[in-house]
Amino acid sequence: MLAVGKMGGSSHLKRLPAPAFWPIKRKEHKWAVKPSPGPHPFEACIPLQVIIRDLLGYAETGREAKIIISRGEVKVDGRVRKDRRYPVGLMDVVEIPKLNKAFRVIPHPQNFLHLHEIPPPEAGFKLCRVEGKTTVKGGHIQLNLHDGRNVLVKVSDPRKPVEDVFKTMDVLKVTLPGSEILEHFKMEPGALAVVVGGKNIGRIGRIVEISEAVFREQRLVVLEDKKGERFSTSYLYAFVIGSERPAISLPEGWW
């Protein structure tokens with residue numbers, strides 16, 4: 001997926017080594033706000049303060065952004081977040097209720113992570129990729145999603161778990177702030193996917209072929225874009241966003 005890295009032990013972050021896609025002025029000030037530990041890794045997230053001040057322009061200074069956030073005027077995935085360092089990442093939904101504004105974080109060819117404005121009703125759901133599965137007490141299935149949340153799938157008979165139709169790399173459309181499953185999109189030929197890493201990041205295409213390999217890191221996915229051009233990416237970089245059409249709003253012309 002999007003680049004993964006460690007934040008290290010320090011609670012401070014200098015601007016120069018901050019992730020290149022953060023839209024901050026690197027030479028005017030020495031320090032930048034460092035993301036808190038959370039659902040997204042350091043190299044694949046943007047602190048909430050940077051979003052409010054630098055991306056959305058709702059504050060001129062870090063102090064103003066901090067005040068807006070501390071007053072509870074910003075929601076991420078349907079929940080008020082008062083930590084200015086809260087890490088916002090792939091497919092997260094940022095809301096400013098007072099302004100009736102909502103944005104979804106999507107991968108972008110130039111900006112790496114892009115805040116795309118969406119209709120307010122669309123802020124009630126997000127897409128989450130299944131990164132792993134665990135069998136818990138009672139034989140029920142726990143789905144571990146890319147944003148750190150877990151979804152429990154209850155089965156009536158652990159010996160024949162017919163309810164367990166989910167596979168790793170499938171994508172779920174879930175409600176916010178809860179995690180009720182609304183739709184299930186399989187990682188299979190015919191599905192629509194967006195590339196979330198590598199040289200083709202941000203490109204969207206319909207999956208044509210998925211290669212076989214012992215380790216999933218070695219598998220490749222071939223996609224076809226709306227112009228009929230085919231391209232390939234790592235299996236881990238393909239993030240399904242729908243079946244016949246995208247399940248989320250996208251910038252004009254993307255699909």
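Note that the numbering runs from 1 along the sequence shown for the chain.
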Test item: Leu56 and Leu115 side chains (from C-beta on) under 4.5 Å apart, heavy atoms: yes

Asp157 side chain to Pro161 backbone, donor-acceptor under 3.5 Å: no

Lys NZ or Arg CZ of Arg203 over Phe231 ring: under 6.0 Å, within 45°: yes

Donor-acceptor contact below 3.5 Å, side chain Asp92 vs main chain Gly89: yes

Single-linkage hydrophobic cluster Met169~Phe166, side-chain heavy atoms < 4.5 angstrom: no

Donor-acceptor under 3.5 Å (Gln142 side chain, Lys133 main chain): no

Verify same cluster id: Ile141, Val130 (apolar side-chain graph, 4.5 Å): yes

Audit row: Leu220, Tyr235, side-chain contact (heavy atoms from CB on, under 4.5 Å) steps and yes/no: CA-CA 5 Å; Leu220 292 176; Tyr235 183 69; over 6 Å; no

Parallel, tilted or perpendicular: rings of His146 and Phe239 (30°, 60°): perpendicular

Flag for Thr168-Glu131: side-chain donor and acceptor within less than 3.5 Å: no

Approximate separation, where rounding is to 0.5 Å, of Ile51 CD1 and Ile96 CD1: 9.0 Å

Pairwise side-chain contact, Val151 with Ile181, heavy-atom cut-off 4.5 Å (strictly under): yes

side-chain contact (heavy atoms from CB on, under 4.5 Å) assessment of Arg71 paired with Lys98: CA-CA 12 Å; Arg71 286 177 177 172; Lys98 281 189 176 181; over 6 Å; no

Listed once per pair and sorted, the side-chain hydrogen bond (donor to acceptor under 3.5 Å, both in side chains) pairs that draw on residues 206-222, sequence neighbours left out: none

Heavy-atom neighbours of Lys186 NZ exceed 12 at 6.0 Å: no

Matching residue for Gln49 among Glu64, Arg85, Arg63, Arg84 - test: side-chain hydrogen bond (donor to acceptor under 3.5 Å, both in side chains): Arg84

Candidate pair Arg129 and Asp170, rule salt bridge (charged side-chain N to carboxylate O under 4.0 Å, His left out), full reasoning: CA-CA 6 Å; Arg129 194 169 75 176; Asp170 285 357; over 6 Å; no

Nearest heavy-atom neighbours spanning Leu250 and Trp255: CD1-CB, 4.3 Å

Where Val174 and Cys128 come nearest, the two heavy atoms and their spacing: CG2-SG, 4.0 Å

Student check: side-chain heavy atoms of Ile118 and Val93 closer than 4.5 Å: yes

Asp225 and Arg230 ion-paired at < 4.0 Å: no

Straight-line distance of Leu145 CG to Met91 CE, nearest 0.5 Å: 13.0 Å

Side chain proximity check, Asp83 to Ile69, heavy atoms < 4.5 angstrom: no

hydrophobic_cluster_shared for Val155 and Leu152, side chain cutoff 4.5 Å: no

Atom pair CD1/CD1 of Ile241 and Ile204 - distance to nearest 0.5 Å: 4.0 Å

Note, Pro107 side chain near His114 side chain (heavy atom, < 4.5 Å): no

Lys226 (side chain) donor-acceptor with Gly253 (main chain) under 3.5 angstrom: yes

Euclidean distance, Thr134 OG1 relative to Asn144 CG, rounded to 0.5 Å: 4.5 Å

Distance, nearest 0.5 Å, that separates CD of Glu95 from NZ of Lys75: 5.5 Å

Shortest non-hydrogen contact from Pro87 toward Pro35: CB-CB, 4.2 Å

Contact summary for Leu223 and Ala193, nearest pair of heavy atoms: CD2-CB, 3.8 Å

Hphob cluster co-occupancy, Leu99 + Val88, side-chain heavy atoms under 4.5 angstrom: yes

Pairwise side-chain hydrogen bond (donor to acceptor under 3.5 Å, both in side chains) hits with a residue in residues 244-253, at least two apart: Glu122-Ser249

ILVMFWY network linking Phe185 to Val153, side-chain heavy atoms under 4.5 angstrom: no

Steps toward side-chain contact (heavy atoms from CB on, under 4.5 Å) verdict (Ile201, Val196): CA-CA 5 Å; Ile201 187 170; Val196 297; 5.5 Å; no

Heavy-atom check, side chain of His40 versus side chain of Asp147, under 4.5 Å: yes

From NZ (Lys66) to CZ (Arg53), nearest 0.5 Å: 12.5 Å

Derivation and outcome, ring pair (Phe, Tyr, Trp, His ring centres under 6.0 Å), residues Trp254 and His116: CA-CA 12 Å; Trp254 276 35; His116 173 59; 7.5 Å; no

Lys82 side chain near Val80 side chain, heavy-atom distance below 4.5 Å: yes

Close side-chain approach of Leu143 to Asn150, heavy-atom, < 4.5 Å: no

Working for side-chain contact (heavy atoms from CB on, under 4.5 Å), residues Val240 and Leu192: CA-CA 6 Å; Val240 177; Leu192 283 174; 5.9 Å; no

Aromatic Tyr86 / basic Arg79 pairing, under 6.0 angstrom, 45° off normal: no

For the student: nearest non-hydrogen atoms of Ile248 and Arg104, plus distance: CG2-NE, 3.7 Å

Nearest heavy atoms of Pro189 and Val208, plus distance in Å: CB-O, 3.9 Å

